**Student:** 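Following this message is one structure expressed as structure tokens.
Here the structure is a predicted model, which means the values were calculated and not measured.
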Amino acid sequence: MITGIRSAILTFCAFVPILLLSQENVTTLGLQIKPILVSDIGGAGPFEVANGPYRLSIEPRTGLSFGMVIRQGLTKNISAEVGLNRVVRQYDYAFTDEETGFQRTLDFGYVNYEIPLKGLVFIQLGERLFMNTGLGPSIDLFASDVGSGDLELEQITLRGQWAKIALDANLGFEYRTRKSGYIYLGASFHNPFSAVAKSKVTYRTSTEQNDVIFDLNAGYLTFDIKYYFHEDPERK
């Protein structure tokens with residue numbers, strides 16, 4: 001009898017870490033910061049456009065996405081997640097007039113907000129280490145147009161629509177502590193299904209004005225750092 005009770009207690013203790021680390025019935029809040037990597041994925045650049053002798057090189061620079069997420073555990077290995085992110089994309093425009101040799105660079109940041117909704121699948125690799133993959137749509141919100149430059153050379157980037165649908169996917173690894181929350185490192189791919197804005201660069205001389213107009217795509221890759229606060233499972 002005593003041996004049986006002892007065995008039951010040991011079995012329960014062996015399963016306690018698994019129960020504590022399970023996502024099922026756990027709702028948790030997370031914070032994330034995602035530096036945007038320079039990449040031509042999604043047609044974001046770098047690329048060149050021209051209008052006669054006027055040439056423009058468009059080059060994305062490193063940007064930043066940051067915000068918060070709420071995760072709901074559906075089963076031990078499946079969760080749903082919704083977030084709100086502020087995204088700042090940075091660009092350099094290098095303009096050249098091949099007839100006169102005039103050259104100049106414009107730089108600016110383009111800000112928007114994202115509401116991603118993803119389904120997450122977890123694969124347990126160790127006692128506290130999990131691999132995570134997620135996929136789902138995102139609503140991308142664009143607040144306003146943006147311009148920079150002066151009377152000689154200026155750019156204005158006009159939003160196409162105030163809201164667009166994008167694909168959001170991620171892959172990464174998560175370490176779940178007992179009482180101090182979850183730490184996540186990974187990478188994400190975010191790609192709107194169409195161009196997010198139309199950009200126009202205007203070059204003015206003493207006698208004329210010329211424009212270079214093109215669509216601005218905004219797909220990007222990020223390196224993701226997330227922290228989820230500890231929450232105990234909810235009672236059914």
Side-chain angles (χ1 to χ4, degrees), residues 33-67 83-117 137-169 187-223:
I33 182 168
K34 306 196 298 183
I36 297 175
L37 308 177
V38 176
S39 170
D40 62 355
I41 195 166
F47 61 94
E48 291 188 356
V49 293
N51 179 14
Y54 309 112
R55 296 192 173 275
L56 190 68
S57 296
I58 296 90
E59 184 170 350
R61 296 187 291 137
T62 54
L64 185 65
S65 171
F66 63 92
L84 176 61
N85 302 319
R86 184 177 188 268
V87 183
V88 182
R89 298 177 176 88
Q90 302 285 348
Y91 293 92
D92 279 341
Y93 287 0
F95 178 84
T96 301
D97 180 351
E98 294 186 335
E99 289 185 339
T100 64
F102 173 84
Q103 293 182 333
R104 188 172 165 189
T105 300
L106 297 172
D107 62 87
F108 70 99
Y110 193 41
V111 178
N112 76 282
Y113 297 88
E114 298 172 352
I115 305 175
L117 176 62
S138 173
I139 302 174
D140 292 2
L141 306 175
F142 299 88
S144 64
D145 307 327
V146 61
S148 61
D150 52 32
L151 289 177
E152 184 178 37
L153 185 70
E154 69 173 352
Q155 71 79 26
I156 182 167
T157 299
L158 307 171
R159 66 178 189 182
Q161 297 172 315
W162 70 273
K164 285 185 174 291
I165 301 298
L167 174 70
D168 197 87
S188 290
F189 166 61
H190 188 93
N191 191 41
F193 291 114
S194 60
V196 300
K198 188 172 288 292
S199 196
K200 179 175 74 171
V201 174
T202 300
Y203 173 51
R204 300 181 182 92
T205 66
S206 57
T207 58
E208 61 180 355
Q209 172 179 309
N210 293 279
D211 298 324
V212 180
I213 302 173
F214 57 95
D215 290 331
L216 189 65
N217 296 307
Y220 62 82
L221 289 173
T222 61
F223 173 69

**Student:** Between Y203 and F102, does the ring centroid distance fall short of 6.0 Å?
**Tutor:**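 Yes, they do, as the ring centres are separated by less than 6.0 Å.
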**Student:** Determine whether R204 and E154 satisfy the following criterion, salt bridge (Lys or Arg N to Asp or Glu O under 4.0 Å), listing intermediate values before the conclusion.
**Tutor:** CA-CA 9 Å; R204 300 181 182 92; E154 69 173 352; 2.7 Å; yes
**Student:** Any side-chain heavy-atom pair from K198 and T157 closer than 4.5 angstrom?
**Tutor:**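 K198 does not reach T157 side chain to side chain.
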**Student:** Taking all non-hydrogen atoms of both residues into account, name the closest pair between A50 and R55 and its distance.
**Tutor:**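 The answer is CB-NH1, 3.5 Å.
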**Student:** Take E48 and S57 through the side-chain hydrogen bond (donor to acceptor under 3.5 Å, both in side chains) test and state the conclusion after the steps.
**Tutor:** CA-CA 4 Å; E48 291 188 356; S57 296; 3.1 Å; yes
**Student:** Might you point out which heavy atoms bring F193 and A166 nearest each other, and give the distance in Å?
**Tutor:**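 Taking every non-hydrogen atom into account, CE1-C, 3.8 Å.
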**Student:** Looking at every non-hydrogen atom in both residues, tell me the closest pair between Q90 and G63 and how far apart they are.
**Tutor:**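 Between these two residues, the closest heavy atoms are CG-CA, 4.4 Å.
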**Student:** Who pairs with D107 by side chain to side chain donor-acceptor pair (under 3.5 Å), at least two apart in sequence or on another chain?
**Tutor:**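 Checked D107 against side chain to side chain donor-acceptor pair (under 3.5 Å); zero matches.
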**Student:** Tell me, do T62 and L37 make a side-chain contact under 4.5 Å, heavy atoms counted?
**Tutor:**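 No, every pair of side-chain atoms sits at 4.5 Å or beyond.
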**Student:** Please name all residues satisfying side chain to side chain donor-acceptor pair (under 3.5 Å) with N85, sequence neighbours left out, ordered by chain then number.
**Tutor:**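 Side chain to side chain donor-acceptor pair (under 3.5 Å) list for N85, sorted by chain: Q32.
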**Student:** How far apart are the C-alpha atoms of V201 and L153, what are their side-chain angles, what is the distance that settles it, and do they pass the side-chain contact (heavy atoms from CB on, under 4.5 Å) test?
**Tutor:** CA-CA 7 Å; V201 174; L153 185 70; 3.7 Å; yes
**Student:** What distance do T202 atom OG1 and N210 atom CG have between them, rounded to the nearest 0.5 Å?
**Tutor:**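 Going from the OG1 atom of T202 to the CG atom of N210 covers 9.0 Å.
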**Student:** Check whether the side chains of S148 and Q155 place a donor and an acceptor atom closer than 3.5 Å, and report yes or no.
**Tutor:**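 Judged by distance alone, the side chains do pair up.
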**Student:** Rounded to the nearest 0.5 Å, what separation is found between the CG atom of D145 and the NZ atom of K200?
**Tutor:**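 Output value for this atom pair is 11.0 Å.
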**Student:** Specify the closest pair of heavy atoms between P60 and P46, including all atoms of both residues, with the distance to one decimal.
**Tutor:**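 Closest approach of P60 to P46: CD-N, 3.8 Å.
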**Student:** Could you state the interatomic distance from OG (S65) to CZ (R86), rounded to the nearest 0.5 Å?
**Tutor:**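 Rounded to the nearest 0.5 Å, the OG-CZ separation comes out at 10.5 Å.
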**Student:** Counting C-beta onward and ignoring hydrogens, is there a side-chain heavy-atom pair between V87 and V111 closer than 4.5 Å?
**Tutor:**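 Side-chain contact under 4.5 Å: no.
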**Student:** State, with a plain yes or no, whether a side-chain heavy atom of V196 is found less than 4.5 Å away from one of N217.
**Tutor:**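 No, their side chains stay 4.5 Å or more apart.
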**Student:** Hey, does L117 have a side-chain heavy atom less than 4.5 Å from the side chain of I115?
**Tutor:**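 No - every pair of side-chain heavy atoms lies 4.5 Å or more apart.
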**Student:** Does some side-chain heavy atom of H190 sit less than 4.5 Å from a side-chain heavy atom of T222?
**Tutor:**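 Counting from C-beta outward, T222 and H190 never come under 4.5 Å.
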**Student:** Would you give the length of the straight line joining atom CD1 of I33 to atom CZ of F66, rounded to the nearest 0.5 angstrom?
**Tutor:**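 So the gap between those two atoms works out to 8.0 Å.
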**Student:** With a sphere of 6.0 Å drawn around CD1 of I213, does it hold more than 12 non-hydrogen atoms of other residues, nucleotides or ligands?
**Tutor:**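 Counting neighbours around CD1 of I213, more than 12 heavy atoms of other residues, nucleotides or ligands fall under 6.0 Å, so yes.
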**Student:** For E152 and R104: C-alpha separation, side-chain torsions, deciding distance, then whether salt bridge (Lys or Arg N to Asp or Glu O under 4.0 Å) applies.
**Tutor:** CA-CA 10 Å; E152 184 178 37; R104 188 172 165 189; 3.7 Å; yes
**Student:** Below 6.0 angstrom between ring centroids: does that apply to Y93 and F108?
**Tutor:**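 Yes.
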**Student:** Please round to the nearest 0.5 Å and tell me the distance separating atom OG of S194 and atom CD1 of I165.
**Tutor:**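 These two atoms lie 10.0 Å from each other.
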**Student:** Check whether any side-chain N or O of D140 sits under 3.5 Å from a backbone N or O of K164 as a donor-acceptor pair, and report yes or no.
**Tutor:**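 Checking the backbone N and O of K164 against the side chain of D140, no donor-acceptor pair under 3.5 Å is found.
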**Student:** With F223, which residues qualify under ring pair (Phe, Tyr, Trp, His ring centres under 6.0 Å), at least two apart?
**Tutor:**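 F223 satisfies ring pair (Phe, Tyr, Trp, His ring centres under 6.0 Å) with no other residue.
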**Student:** Given F214 and I58, is the side-chain contact (heavy atoms from CB on, under 4.5 Å) satisfied, shown in steps?
**Tutor:** CA-CA 10 Å; F214 57 95; I58 296 90; 3.6 Å; yes
**Student:** Specify the closest pair of heavy atoms between D215 and A195, including all atoms of both residues, with the distance to one decimal.
**Tutor:**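 The answer is CB-CB, 3.8 Å.
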**Student:** When you measure from the side chain of R159 to the backbone of F142, do you find a donor-acceptor pair of N or O atoms at a distance under 3.5 Å?
**Tutor:**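 Checked: pair present.
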**Student:** Does L167 reach the side chain of F189, with side-chain heavy atoms less than 4.5 Å apart?
**Tutor:**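 Yes, side chains in contact.
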**Student:** Is R89 close to Y220 at the side-chain level, that is, under 4.5 Å between some pair of heavy atoms?
**Tutor:**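 With C-beta onward as the side chain, the pair touches.
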